[in-house]
S.K.: 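Once you've had a glance at the structure underneath, I'll fire off some questions.
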Amino acid sequence: DQQVKQNSPSLSVQEGRISILNCDYTNSMFDYFLWYKKYPAEGPTFLISISSIKDKNEDGRFTVFLNKSAKHLSLHIVPSQPGDSAVYFCAASEGSQGNLIFGKGTKLSVKP
Amino acid sequence: DAGITQSPRHKVTETGTPVTLRCHQTENHRYMYWYRQDPGHGLRLIHYSYGVKDTDKGEVSDGYSVSRSKTEDFLLTLESATSSQTSVYFCAISEPWGRGLNTEAFFGQGTRLTVV
């Protein structure tokens with residue numbers, strides 16, 4: 001069973017508007033969450049993270065929200081830019097455990 | 001960019017042959033990971049290491065083995081390659097996760113492996 005789920009395979013947004021990417025998890029022991037962005041033929045690159053002791057973390061245009069009771073997190077990109085078009089992965093880890101579990105990804109397309 | 005080098009970057013091999021992929025880091029990070037990326041499956045963890053000679057299985061470890069004899073090198077071996085192992089393989093490194101610790105995993109550029 002998937003422990004980290006991204007239920008939307010794709011999302012299309014107009015330039016300048018908000019992009020909201022969602023992620024759900026099943027393991028209540030996860031306590032650190034990350035978002036990665038991936039372009040074709042490149043390795044994933046880190047965007048933003050959040051610890052379970054917080055419910056929000058911001059970095060420029062990117063904000064991650066965590067709802068522990070719902071086991072849900074979301075990534076908000078405001079304003080969206082064409083260069084944001086990529087596949088976005090949500091990932092989670094459990095305490096000091098080494099394994100980092102990823103979702104299947106959401107392909108974001110930002111149209112000019 | 002984090003110092004992670006994967007080799008080779010591309011490889012075509014025949015079914016049944018052994019294949020070893022290498023991940024080399026210059027960051028002295030404790031954790032190292034091997035993932036595979038396939039359409040419709042995202043990134044799936046194969047094996048990871050939390051120190052020299054300390055490794056553990058991920059979610060898709062069947063058919064793969066790993067070794068870490070030095071901090072900087074993490075090898076992934078396909079003992080007898082099969083067509084289902086055709087994939088893009090990514091190595092990643094990180095420091096230990098921890099509550100409130102702002103850390104991340106850095107990824108290599110990937111190795112595209114084709115088993116024919």
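Worth saying up front: this structure is predicted, and the values here are computed from it rather than measured. Every chain is numbered from 1, with letters handed out A, B, ... down the list of sequences.
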S.K.: Is there a path of hydrophobic side-chain contacts, each under 4.5 Å between heavy atoms of I, L, V, M, F, W or Y residues, that connects B:Val60 with B:Trp34?
M.R.: yes
S.K.: If you compare all heavy atoms of B:Leu45 against all heavy atoms of A:Ile101, which two are closest, and at what distance to 0.1 Å?
M.R.: CD2-CD1, 4.4 Å
S.K.: So how far is it from A:Lys38 NZ to B:Gln37 CD, rounded to the nearest 0.5 Å?
M.R.: 4.5 Å
S.K.: Under a single-linkage definition using a 4.5 Å side-chain heavy-atom cutoff for Ile, Leu, Val, Met, Phe, Trp and Tyr, are A:Phe33 and A:Phe65 assigned to the same hydrophobic cluster?
M.R.: no
S.K.: Identify the two heavy atoms, one from B:Ala105 and one from A:Leu34, that lie closest to each other, and give their separation to 0.1 Å.
M.R.: N-CD2, 4.4 Å
S.K.: Output, in order, the C-alpha distance, side-chain angles, deciding distance and verdict of ring pair (Phe, Tyr, Trp, His ring centres under 6.0 Å) for B:Phe107 and A:Phe102.
M.R.: CA-CA 13 Å; B:Phe107 280 79; A:Phe102 281 78; 5.8 Å; yes
S.K.: Could you see if B:Leu75 belongs to whatever hydrophobic cluster contains B:Val88? Use Ile, Leu, Val, Met, Phe, Trp, Tyr and a side-chain cutoff under 4.5 Å.
M.R.: no
S.K.: Is there a path of hydrophobic side-chain contacts, each under 4.5 Å between heavy atoms of I/L/V/M/F/W/Y residues, joining A:Ile20 to A:Tyr88?
M.R.: no
S.K.: For the CZ atom on A:Arg17, are there more than 12 heavy atoms of other groups (residues, nucleotides or ligands in this structure) within a distance under 6.0 Å?
M.R.: no
S.K.: Identify the heavy atoms of A:Gly43 and B:Phe90 that sit nearest to each other, and give their distance.
M.R.: CA-CE2, 3.4 Å
S.K.: Out of curiosity, B:Tyr48 OH to A:Leu100 CG, how far, rounded to the nearest 0.5 Å?
M.R.: 11.0 Å
S.K.: Between B:Gln6 and chain A, which part of the residue has a heavy atom less than 4.5 Å away: side chain, backbone, both or neither?
M.R.: neither
S.K.: For the CZ atom on B:Arg112, are there more than 12 heavy atoms of other groups (residues, nucleotides or ligands in this structure) within a distance under 6.0 Å?
M.R.: no
